[in-house]
Amino acid sequence: LGLPCRVDAFQTTDGQTRMIDSPGVPKLPDWTTSVSGIQVTLKPFIWDYARVTVHHGSESFPIDELKDWFDDWFDADEQEEPLENGLRGCIHFMSDPDVSEGKTSFTIDFGSAPEKAFTTLIECFQSVPDCVVEVTSLTEQPN
């Protein structure tokens, strides 16, 4: 898709640049819920290393809606006001979708985006009848 990305970095008082990274996958049980009528299974995942798999059977995958979602939440032109904490409230990265028989997977760094970014992502798939979404982490072992 040729999408842009952001990184989490800051400059220390001694002029060094440091990357910010999540400490690891939390130890939580899997949880299945419904988001906008779509079944979603949440396995332990890190907000900035979420692996999303959409099981859509023979239905086509709504790639245009997904790209529009990315464009909205990436906020390349920084049109949105910063959040109270000073962060931009945007996502940082989305990989190209990996399409295989009956499912599409991609990775998202939700960055500083609020929870609404997640629910609006799931809403992208409302046009796909009977789809099921699973969210897990790229990291294998929980901390």
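Here the shortest heavy-atom pairing between G89 and P114 reads O-CD, 3.8 Å. Closest non-hydrogen pair, D96 versus F106, comes out as O-CB, 4.3 Å. Nearest heavy atoms, F45 versus A50: CD1-CB, 3.8 Å. Nearest heavy-atom pair across W69 and C124 is CB-SG, 3.4 Å. For I91 against F74, the heavy-atom pair with the smallest separation is O-CD1, 3.4 Å. Across all non-hydrogen atoms, the minimal contact from H92 to S112 is NE2-N, 3.8 Å.
Here the side chains of F125 and T104 are not in contact, with every heavy-atom distance at 4.5 Å or above. When side chains are defined from C-beta on, K67 does not count as touching P97, because their heavy atoms never get closer than 4.5 Å. Side-chain contact check for F61 versus V99: every heavy-atom pair is 4.5 Å or farther apart. In this structure, V128 and V54 have side chains that are not in contact, with every pair of non-hydrogen atoms separated by 4.5 Å or more. L66 is listed as a side-chain neighbour of I63, based on a closest heavy-atom distance under 4.5 Å. Within the 4.5 Å cutoff, the side chain of D98 has heavy atoms near those of the R51 side chain. You'll find the side chain of W73 stays beyond 4.5 Å of the side chain of L121, heavy atoms only.
The CZ atom of F93 lies 6.5 Å from the OG1 atom of T107; values are rounded to the nearest 0.5 Å. Here E65 contributes atom CD and S127 contributes atom OG; the two are 5.0 Å apart, rounded to the nearest 0.5 Å. Here the straight-line distance linking atom CZ of F70 with atom CG of D75 works out to 11.0 Å at 0.5 Å rounding.
Without hydrogens or angle criteria, D48 side chain to D109 main chain gives no donor-acceptor distance under 3.5 Å.
Take H55 and apply the ring pair (Phe, Tyr, Trp, His ring centres under 6.0 Å) test, not counting sequence neighbours, and it matches no residue.
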Hey, can you pull the donor-acceptor pairs under 3.5 Å for the side chains in residues 30-37, sequence neighbours left out?
| unit_1 | atom_1 | unit_2 | atom_2 | d |
| --- | --- | --- | --- | --- |
| T32 | OG1 | T41 | OG1 | 3.1 |
| S36 | OG | E123 | OE2 | 3.0 |

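Transitive grouping of hydrophobic side chains (ILVMFWY, heavy atoms separated by less than 4.5 Å) keeps V132 and I108 in distinct clusters.
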